[in-house]
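First comes the structure, then the notes that go with it.
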Amino acid sequence: MNFKFISAAVFALSAMFAVNAAAYTDGQAAAPDRSATGGAQTLQDIMARQAQLNVDESFRSENLGDPSQAAATTEQLGTNGGVSDASVWRQIRYNQADLTLQDRGAAAGVLIQDGGMPWWQVREGPMITYGGGALLAVIALLVVFYFARGKIMIDGGPSDKTIQRFKPIERFGHWLLAGSFVALGITGLLTLMGRHFLIPVIGHEGFATLAAGSKWIHNNVAWAFMLGIVLTCIMWIKHNIPNKLDWQWIKAGGGIFTKAHPSAKKFNAGQKMIFWTVMILGVSVSLSGLSLLFPFEMPMFAKTFGIMNSILGTDFPTVLAPHEEMQYANLWHSIVAFVMMCAIIAHIYIGSVGMEGAFDAMGDGQVDLEWARQHHDLWVAEVEAEQAAKAAKGGGS
Amino acid sequence: MKAMLGAFATALLIAYGATLVLPTFGWSSAERGSAAESVRLD
């Protein structure tokens with residue numbers, strides 16, 4: 001009985017695949033019989049498009065109205081000046097219409113824009129799947145790392161002396177950037193994917209309030225983030241210029257696995273990587289954010305693609321509709337933000353639960369002297385030399 | 001910790017200030033999309 005049932009099911013599935021294979025070959029949909037619709041679109045065309053198959057659009061892109069064949073306007077169901085409304089919309093659809101619009105900016109002139117659906121599909125699909133997956137993967141890796149490696153302790157334990165690691169203005173700049181980034185990250189995630197898991201929990205009205213609040217925070221706290229980028233860049237860029245010492249630090253794996261302590265100045269190679277990640281991606285996410293904050297007023301992807309094509313020989317589109325610019329800005333904004341979030345989660349880990357004494361640097365600015373010697377020995381030597389020079393100068397005057 | 005709390009408070013102040021300053025340039029996040037001059041389907 002079961003065998004017969006399974007056989008019937010296999011046969012039915014095989015038949016379905018065979019029908020599909022006959023109708024569609026190599027991703028190209030076979031042209032259906034459109035006689036029943038007078039040559040217009042059929043359900044099979046729509047289903048083929050939804051199945052991501054290529055549909056020969058000539059049956060409608062070349063059917064833009066023929067005044068000599070159109071019904072007179074005085075007749076019942078007469079057309080508009082020789083072509084039907086459907087023909088006018090097909091002309092708009094294929095960018096063949098000669099229309100006059102009220103001047104409301106370039107964006108208002110785009111009535112149909114094909115890129116909208118692929119953008120929406122990427123935003124709702126791979127962006128959430130891979131972006132959210134990457135965040136969860138980083139968190140999982142850090143949990144595994146924590147249990148495998150344990151907290152990185154100060155060898156020999158903390159001393160009873162401290163040294164000032166960061167001045168108040170440095171800590172202010174760091175926390176302005178960090179606090180705004182966390183706020184932007186959480187509200188950005190709520191905006192991107194919150195509806196999928198919060199509406200079932202708090203309902204539509206509750207989520208609407210949360211989404212509106214997230215939008216307010218995201219749009220307005222963004223300015224604090226940009227100020228934080230500028231402040232930290234000005235204060236720390238000179239300490240983050242790569243040098244030969246960084247290569248030694250990288251070759252030693254930062255001492256994370258070997259428990260060695262490679263030499264470093266104020267910032268080690270790992271911190272420099274975080275710095276440049278935040279600076280470069282921070283500027284990029286700010287620019288795409290500004291483009292989204294001022295819709296249609298800061299298009300930048302067509303020009304960027306043009307530059308990339310000339311340098312890399314790529315073939316990115318250099319003529320983009322205003323809406324396409326916004327769609328690219330939205331996707332790029334999300335991609336860059338996800339990369340930054342992954343990096344910053346690791347940064348938060350090593351600056352808090354991952355390493356004994358690390359948080360003090362940004363807490364009250366005073367770090368244990370032994371911690372400083374183990375992780376930033378050359379910086380400690382510089383500070384002590386400066387202090388000695390000042391003391392000598394003070395004693396001599 | 002004062003620097004951290006001060007920075008968080010500053011971030012909120014900047015956010016609130018943005019809602020006051022940006023409208024002078026003809027922009028507001030709250031009004032965006034609902035202003036009379038916005039494109040409407042009707």
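Chain A is the first sequence line, chain B the second, and so forth, proteins listed ahead of strands; every chain is numbered from 1.
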For Phe359(A), is it the side chain, the backbone, both or neither that has a heavy atom under 4.5 Å from a heavy atom of chain B? side chain
How about Lys161(A): does its NZ atom have over 12 heavy atoms from other parts shown lying under 6.0 Å from it? no
Rounded to the nearest 0.5 Å, how far apart are CE of Met4(B) and CZ of Arg171(A)? 10.0 Å
Determine the option with the most heavy-atom pairs under 4.5 angstrom with chain A, choosing from Ala7(B), Gly6(B), Ala11(B). Ala7(B)
Rounded at 0.5 Å granularity, tell me how far OG1 in Thr10(B) sits from CH2 in Trp175(A). 14.0 Å
If you count every heavy atom of other residues, nucleotides or ligands that lies below 6.0 Å from His239(A) atom NE2, does the total exceed 12? yes
Would you tabulate the side-chain donor-acceptor contacts of residues 284-295 of chain A under 3.5 Å, counting partners in other chains and residues two or more places apart, or write 'none'?
from, atom 1, to, atom 2, distance (Å)
Ser284(A), OG, Trp332(A), NE1, 2.7
Ser286(A), OG, Gly282(A), O, 2.7
Ser288(A), OG, Ser284(A), O, 3.2
Ser288(A), OG, Val285(A), O, 3.2
Ser288(A), OG, His333(A), ND1, 3.0
Ser291(A), OG, Met298(A), O, 3.0

Of the backbone (N, CA, C, O) and the side chain (C-beta and beyond), which part of Leu177(A) lies under 4.5 Å from a heavy atom of chain B, both, or neither? neither
What closest approach, in Å, do Pro168(A) and Ala3(B) show between heavy atoms, and which atom pair accounts for it? O-CB, 3.8 Å
Evaluate the side chain to side chain contact (heavy atoms under 4.5 Å, CB included) criterion for residues Trp223(A) and Leu22(B): first the C-alpha distance (whole Å), next the side-chain angles of each, then the deciding distance (0.1 Å), finally the verdict. CA-CA 11 Å; Trp223(A) 304 102; Leu22(B) 286 174; 3.7 Å; yes
Nearest atoms (heavy-atom pairs only) where Asn220(A) meets Ala18(B): OD1-CB, 3.7 Å
